[in-house]
Colleague: 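Before I ask anything, let me first share the structure, which is written out below as structure tokens.
FYI, the numbering just counts along the sequence from 1. Only heavy atoms go into these numbers, but all of them, side chains included; no hydrogens, no water, no symmetry mates. Everything numeric in this text was worked out from a predicted model, so none of it was measured.
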Amino acid sequence: MKKIKALALTSGLALLLCMPMYAQDEPTTYTFQTINYPGDTFTQLLGIDNFDIIAGYHGATVNKGFTLVLSSKTFTNENFPGSAQTQVIGINNPPPKTVGFYIDSLGKTHGFTDYKGSFLKVDYPGTPFNQLLGQNDAGQAAGYYSTKADGTGPDHAYIYDEFGGVFELFNIPGSSSAQATGINKAGNVSGFFVDAKGVNHGWVLIAGHLEILNFPGSTGTQALGLNNNGLVVGLYTDTAGHTHGFVYTESTKAFQSVDDPDGIGTTVVNGINDNGKLVGFFGTAPTNSGFVATP
């Protein structure tokens, strides 16, 4: 999955730049379950709704999307019609709508929404590269476009209103590139940006207040999703270059590091539902395994 990289708010929101304090919470303990698409050694779980339906994809070389009903371990393939590759990334609550991106037969990358098999291509007008990364229950999707057809950026974060077909662009002061990665039903948004030195920083926009999220002691942080209960998830890189997941609690400004026991130092937490259940993946490409972490 392409993960950036940076935001200047042109949306008219009143921004307050809040650098969070790093309080200590009683850590949540998790039970981890490894999930692999049958017959494949590369699986990423990227989003989860409140009924434990999971969005993801498999295939290290050729990406193929799916949804997974966790209770029955039932995979349903989901690929944009005629696409060469598809990733399903965001999902809302039943009847679920999913979002993601696909690569067409000409090698161009487009965002999409899918509701019960009705697919819609979503591209910011006049742009060569788009991805949708998050979906809420109110018909809004989070994503970005790149100014280059190969997706090397700079990237520009946006929210897409699926009912009006309207895009809302974001800019973060001091950033050179940005992605919006998640949106909840209150319209709060998560994402990450790259600064002028090439360092990744997470961010969350809550009721017009912008918080920059940097895991303590890390060399880079990306916020990749959020739920409706004030929890943000993502990844950070430590000084040794290892990747770990995290959960950030908005009410206490506290971070908790999360590693799958089988993937310490290679863990990414990409999604969270309102029950606090996490999804993500671990491993080093071309081998990845998905996981579900239950509190």
Colleague: Walk me through it: do Glu211 and Tyr248 pass the test side-chain hydrogen bond (donor to acceptor under 3.5 Å, both in side chains)?
Modeller: CA-CA 12 Å; Glu211 294 186 14; Tyr248 173 76; 2.9 Å; yes

Colleague: Could you verify whether a donor N or O on one side chain and an acceptor N or O on the other, from Asp260 and Thr267, lie under 3.5 Å apart?
Modeller: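 No.
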
Colleague: Less than 4.5 Å apart, any side-chain heavy atom of Asp238 and any of His244?
Modeller: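 SC-SC contact between Asp238 and His244 confirmed.
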
Colleague: Do Thr219 and Thr239 come within less than 4.5 Å of each other through their side chains, counting heavy atoms only?
Modeller: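 A side-chain contact under 4.5 Å exists here.
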
Colleague: Please report the C-alpha distance between His156 and Thr147 in whole Å, then the side-chain angles of each, then the deciding distance to 0.1 Å, and finally whether the side chain to side chain contact (heavy atoms under 4.5 Å, CB included) criterion is met.
Modeller: CA-CA 8 Å; His156 298 270; Thr147 57; 3.5 Å; yes

Colleague: If you take all heavy atoms of Tyr30 and Gln256, which pair is closest and at what distance?
Modeller: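 Minimum heavy-atom separation between Tyr30 and Gln256: CE1-NE2, 4.0 Å.
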
Colleague: With clusters defined by side-chain heavy atoms of hydrophobic residues (ILVMFWY) lying less than 4.5 Å apart, directly or transitively, does Ile272 cluster with Val258?
Modeller: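 Yes; Ile272 is reachable from Val258 via cluster members.
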
Colleague: Please report the closest heavy-atom contact between Asp259 and Thr243, naming both atoms and the distance.
Modeller: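 Smallest heavy-atom distance, with atoms named: OD1-O, 3.9 Å.
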
Colleague: Would you say Tyr37 and Val69 are hydrophobically clustered, going by side-chain heavy atoms of ILVMFWY under 4.5 Å?
Modeller: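 Each belongs to a different hydrophobic cluster.
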
Colleague: Can you spot which of Val269, Leu68, Ile48, Leu46 makes a side-chain contact (heavy atoms from CB on, under 4.5 Å) with Val279?
Modeller: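 Of the listed residues Val269, Leu68, Ile48, Leu46, the side-chain contact (heavy atoms from CB on, under 4.5 Å) partner of Val279 is Ile48.
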
Colleague: Say whether, by atom type as modelled, one donor and one acceptor occur between the side chain of Thr266 and the main chain of Gly263 under 3.5 angstrom.
Modeller: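 Such a contact is found between Thr266 side chain and Gly263 backbone.
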
Colleague: Has the side chain of Thr181 got a donor or acceptor atom that lies under 3.5 Å from a matching backbone atom of Ala223?
Modeller: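 Confirmed, Thr181 side chain pairs with Ala223 backbone.
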
Colleague: Are Tyr102 and Phe119 co-members of a hydrophobic cluster defined by side-chain heavy atoms under 4.5 Å apart?
Modeller: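 Yes, because Phe119 and Tyr102 connect within a single hydrophobic cluster, where side-chain heavy atoms sit under 4.5 Å apart.
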
Colleague: Is a side-chain donor-acceptor pair under 3.5 Å present for Glu162 with Gln135?
Modeller: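 Checked: Gln135/Glu162 side chains pair up, N/O donor to acceptor below 3.5 Å.
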
Colleague: So, the side chain of Asp114 versus the backbone of Ser118: is there a donor-acceptor pair under 3.5 Å, distance only?
Modeller: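 Yes, the answer is positive, given that a donor and an acceptor are paired below the 3.5 Å cut-off.
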
Colleague: If you measure from CD1 on Ile103 to NE2 on His110, what distance do you get to the nearest 0.5 Å?
Modeller: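 Between Ile103 CD1 and His110 NE2, I get 9.5 Å after rounding to 0.5 Å.
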
Colleague: Might you point out which heavy atoms bring Ser289 and Thr34 nearest each other, and give the distance in Å?
Modeller: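 That closest heavy-atom pairing would be CB-CG2, 3.9 Å.
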
Colleague: Mind checking the CG-CD spacing from Leu133 to Gln179? Nearest 0.5 Å is all I need.
Modeller: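 Nearest 0.5 Å value for the CG-CD distance: 5.5 Å.
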
Colleague: Are any non-hydrogen side-chain atoms of Leu213 and Phe255 less than 4.5 angstrom apart?
Modeller: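 The answer is yes, as the side chains (C-beta and beyond) meet within the 4.5 Å cut-off.
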
Colleague: Quick one: does Tyr115's side chain get under 4.5 Å of Leu120's, heavy atoms only?
Modeller: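 The answer is no; the side chains never approach within 4.5 Å.
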
Colleague: When rounded to the nearest 0.5 angstrom, what is the spacing between CH2 in Trp203 and CD in Gln222?
Modeller: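 The CH2 atom of Trp203 sits 12.5 Å away from the CD atom of Gln222.
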
Colleague: Keeping the roles fixed (side chain from Asp123, backbone from Pro128), state whether a donor-acceptor pair exists under 3.5 Å.
Modeller: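 It does not hold such a pair.
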
Colleague: Are Thr127 and Asn130 close enough that a side-chain donor and a side-chain acceptor fall under 3.5 Å?
Modeller: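 Indeed, the side chains of Thr127 and Asn130 share at least one donor-acceptor pair under 3.5 Å.
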
Colleague: Can you confirm whether Phe129 sits close enough to Tyr144 that some side-chain heavy atom of one is under 4.5 Å from a side-chain heavy atom of the other?
Modeller: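 Heavy-atom side-chain distance check passes, below 4.5 Å.
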
Colleague: Quick one: does Asn136's side chain have a donor or acceptor within less than 3.5 Å of a partner on Gly139's backbone?
Modeller: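 Here the side-chain-to-backbone pair exists.
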
Colleague: Does some side-chain heavy atom of Tyr158 sit less than 4.5 Å from a side-chain heavy atom of Leu132?
Modeller: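 When only atoms from C-beta onward are counted, Tyr158 and Leu132 do touch, with a gap below 4.5 Å.
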
Colleague: Go through it in stages, so that I can follow the logic: the residues are Lys121 and Asp104, the test is side chain to side chain contact (heavy atoms under 4.5 Å, CB included), and I'd like the CA-CA distance, side-chain angles, deciding distance and then a yes or no.
Modeller: CA-CA 11 Å; Lys121 180 176 75 171; Asp104 66 21; over 6 Å; no

Colleague: Would you check if Thr237 and Ser218 make a side-chain contact, meaning some heavy-atom pair closer than 4.5 Å?
Modeller: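 No; the side chains remain at least 4.5 Å from each other.
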
Colleague: What are the two closest non-hydrogen atoms of Thr86 and Glu78, and how far apart are they?
Modeller: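 It is CG2-O, 3.7 Å.
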
Colleague: Short question: side chain of Asn184, backbone of Asn227 - any donor-acceptor pair under 3.5 Å?
Modeller: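 Here the side-chain-to-backbone pair exists.
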
Colleague: A quick test of your reading: do over 12 heavy atoms of other residues, nucleotides or ligands sit less than 6.0 Å from NZ of Lys108?
Modeller: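 Counting neighbours around NZ of Lys108, 12 or fewer heavy atoms of other residues, nucleotides or ligands fall under 6.0 Å, so no.
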
Colleague: What's the separation between atom CZ in Phe282 and atom OG1 in Thr287, rounded to the nearest 0.5 Å?
Modeller: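 Phe282 CZ to Thr287 OG1: 10.5 Å, rounded to 0.5 Å.
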
Colleague: Could you see if Phe246 belongs to whatever hydrophobic cluster contains Ile206? Use Ile, Leu, Val, Met, Phe, Trp, Tyr and a side-chain cutoff under 4.5 Å.
Modeller: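 Same cluster.
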
Colleague: Hey, what do you get for OG1 (Thr109) to CZ (Phe101), rounding to the nearest 0.5 Å?
Modeller: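 Nearest 0.5 Å value for the OG1-CZ distance: 6.5 Å.
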
Colleague: Between Thr98 and Thr67, is there a side-chain heavy-atom distance shorter than 4.5 Å?
Modeller: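 Heavy-atom side-chain distance check passes, below 4.5 Å.
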
Colleague: Could you give me the CA-CA distance, side-chain angles and deciding distance for Thr294 and Thr31, then say whether side-chain hydrogen bond (donor to acceptor under 3.5 Å, both in side chains) is met?
Modeller: CA-CA 5 Å; Thr294 302; Thr31 300; over 6 Å; no

Colleague: Given Leu205 and Phe170, is the side chain to side chain contact (heavy atoms under 4.5 Å, CB included) satisfied, shown in steps?
Modeller: CA-CA 10 Å; Leu205 184 67; Phe170 294 89; 3.5 Å; yes

Colleague: Determine, using the 4.5 Å side-chain heavy-atom cutoff (strictly less than), whether Leu278 and Ile53 are members of one ILVMFWY cluster.
Modeller: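 Result: no, two separate clusters.
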
Colleague: Answer yes or no: is there a donor N or O on one side and an acceptor on the other, between the side chain of Asp137 and the main chain of Lys185, under 3.5 Å?
Modeller: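 Not confirmed, Asp137 side chain does not pair with Lys185 backbone.
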
Colleague: Thr221 side chain to Gly202 main-chain N or O, any donor-acceptor pair under 3.5 Å?
Modeller: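 Pair absent, no side-chain N/O of Thr221 close to backbone of Gly202.
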
Colleague: CD1 of Ile212 to CZ of Phe193: how many Å apart, nearest 0.5 Å?
Modeller: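 The CD1 atom of Ile212 sits 4.5 Å away from the CZ atom of Phe193.
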
Colleague: Might you point out which heavy atoms bring Ile183 and Leu226 nearest each other, and give the distance in Å?
Modeller: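 Closest approach of Ile183 to Leu226, heavy atoms only: N-CD2, 3.5 Å.
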
Colleague: Checking Asn36 side chain against Thr43 main chain: does a donor-acceptor pair fall under 3.5 Å?
Modeller: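 No, because the side chain of Asn36 does not come within donor-acceptor range (under 3.5 Å) of the backbone of Thr43.
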
Colleague: Between Ile91 and Phe51, is the side chain to side chain contact (heavy atoms under 4.5 Å, CB included) condition met? List the steps.
Modeller: CA-CA 11 Å; Ile91 187 168; Phe51 297 85; over 6 Å; no

Colleague: Okay, side chain of Ser176, backbone of Val194: is any donor-acceptor separation there less than 3.5 Å?
Modeller: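 Yes, because the side chain of Ser176 sits within donor-acceptor range (under 3.5 Å) of the backbone of Val194.
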
Colleague: Write down the atom of Pro95, the atom of Lys116, and the distance for their closest heavy-atom approach.
Modeller: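 Scanning both residues completely, I find the closest heavy atoms to be CB-CE, 3.7 Å.
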
